[in-house]
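All remarks here apply to the structure that follows.
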Protein chains: 2
Amino acid sequence: MSKNITELLRGNGFKVTPQRLAVYEVLANTKEHPNAEMIFSSLQATYPTMSLATVYKTIDILHEIGLVQILNAGEDSFRYDADMSNHAHVRCVECGRVDDVFDLDAAKVTREIEAGTRYRLTGQQFYFYGVCPECQKQGKAH
Amino acid sequence: MSKNITELLRGNGFKVTPQRLAVYEVLANTKEHPNAEMIFSSLQATYPTMSLATVYKTIDILHEIGLVQILNAGEDSFRYDADMSNHAHVRCVECGRVDDVFDLDAAKVTREIEAGTRYRLTGQQFYFYGVCPECQKQGKAH
DNA sequence: TATTAAAGAATAACGATTTTCGAATACCCG
DNA sequence: CGGGTATTCGAAAATCGTTATTCTTTAATA
Ligand SMILES: [Mn+2]
Ligand SMILES: [Mn+2]
Ligand SMILES: [Zn+2]
Ligand SMILES: [Zn+2]
């Protein structure tokens, strides 16, 4: 995995830097779908000198070489995901967390849409909104 | 249809103004899913004095009284749709147009997700992106 | 038609995200 | 090891859809 990103960076003419590896590691080891600020914060401990600008530029590159997908979950900022598989997401409108949704055959849906619309689809985003299990517990008073 | 919006505005304590009717007419008579700027532009001919701020405020009201839905098609701005049925959208990454996708049973998909996750879902947003038939012809992307 | 509160026009302001800038640093190739 | 140059840092600035403001106009009611 780390080997993969190193090769991909070099192979695309990008230098391999600790910052780039670190940003990718954050995304590869979380299921939280962080935005740029969250990535930046989580690197403060290990990379106190990391610049937010570097996070943004690194994400651009990681996206360009196919290692990171960009999520628009209807918030002000973008979220990022190193899981490049075709899966949907659900955002809790109470606490803001974004979880994976794997119980959806996205490829099948895509095929149906492609047949119906005559578009050649290159991607898709499914977002669901609701209340996560934890917030349901806390908000019993509803 | 115009009768409907008039009643709804009055019934909700809003005044019926030419601007409000005009904004709704644009949305009711197009399939282009315009954003605020596009609505504003398309009204320049008939309402040269229309303010962009009025477009925004009117959309708020139309949304509030259930006449317009707000779309997040993965762009910087929101798009609006007077078709209140539950349907998905597809955006052409070449020319930016946004088309309807009626070949998707969103309610069915939502039920599946709700069963699989433990979220209590309150809404969803699907959008697909790809290359529309016309842009495929022009070979902008082979 | 007069009254009055709501609404519109025009434009300034907003504000969080994202980008830019220039000097310092460090990756990488030979 | 160096030299060349991509990259980083840090702060500042831009971005830009949307909202607030101020003054003017208008819809609704009787
Ligand atoms: Mn994910
Ligand atoms: Mn539509
Ligand atoms: Zn929650
Ligand atoms: Zn197109």
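Here is the naming used below: chain letters follow the sequence lines, and residue numbers restart at 1 for every chain.
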> Does OP1 or OP2 of D:dC9 have a side-chain N or O of A:Thr54 closer than 4.0 Å?
Replying inline: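 A:Thr54 to D:dC9 OP1/OP2: side-chain N or O found under 4.0 Å.
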
>> Go nucleotide by nucleotide along DNA chain D from the 5' end; which of B:Thr17 and B:Ala36 gets its closest nucleotide reached first?
In response: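 In this pair, the answer is B:Ala36.
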
> Of B:Asp76 and A:Gly13, whose closest DNA chain D nucleotide lies nearer the 5' terminus?
Replying inline: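 The residue closer to the strand's 5' end, by nearest nucleotide, is A:Gly13.
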
>> Using 30° and 60° as the class boundaries, would you call the ring planes of B:His87 and B:Phe102 parallel, tilted or perpendicular?
In response: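 If you compare the ring of B:His87 with that of B:Phe102, the planes turn out tilted.
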
> Would you call the rings of B:His89 and B:His33 parallel, tilted or perpendicular if under 30° counts as parallel and over 60° as perpendicular?
Replying inline: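 Perpendicular, since the angle between the ring planes exceeds 60°.
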
>> Using a 4.0 Å cut-off to any heavy atom of chain B, which nucleotides of DNA chain C are the first and last in contact, reading 5' to 3'?
In response: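 First and last nucleotides in contact are C:dA5 to C:dT11.
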
>> B:Asn72 vs A:Tyr127, test: side chain to side chain donor-acceptor pair (under 3.5 Å). Steps then yes/no.
In response: CA-CA 10 Å; B:Asn72 177 350; A:Tyr127 294 106; over 6 Å; no

Distance, rounded to the nearest Å, where [X] contributes [atom1] and [N] contributes [atom2]:
X: B:Ile61; N: D:dA27; atom1: CD1; atom2: P; value: 15 Å
X: B:Gln19; N: D:dT26; atom1: CD; atom2: P; value: 9 Å
X: A:Phe14; N: D:dA6; atom1: CZ; atom2: P; value: 12 Å
X: B:Ile59; N: D:dT19; atom1: CD1; atom2: C1'; value: 13 Å
X: A:Leu21; N: D:dT7; atom1: CG; atom2: C1'; value: 13 Å
X: A:Phe78; N: D:dC16; atom1: CZ; atom2: C1'; value: 13 Å

> Just checking, any donor-acceptor pair under 3.5 angstrom between side chains of A:Gln124 and A:Thr110?
Replying inline: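 Side-chain D/A pair, A:Gln124 to A:Thr110: present.
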
>> From the set D:dT18, D:dA6, D:dT21, return the single nucleotide nearest to any side-chain atom of B:Tyr56.
In response: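 Side chain of B:Tyr56 sits closest to D:dT18.
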
>> By the 4.0 Å heavy-atom rule, please label B:Pro48 as base, sugar-phosphate, or nothing.
In response: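 Nothing, no heavy atom under 4.0 Å.
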
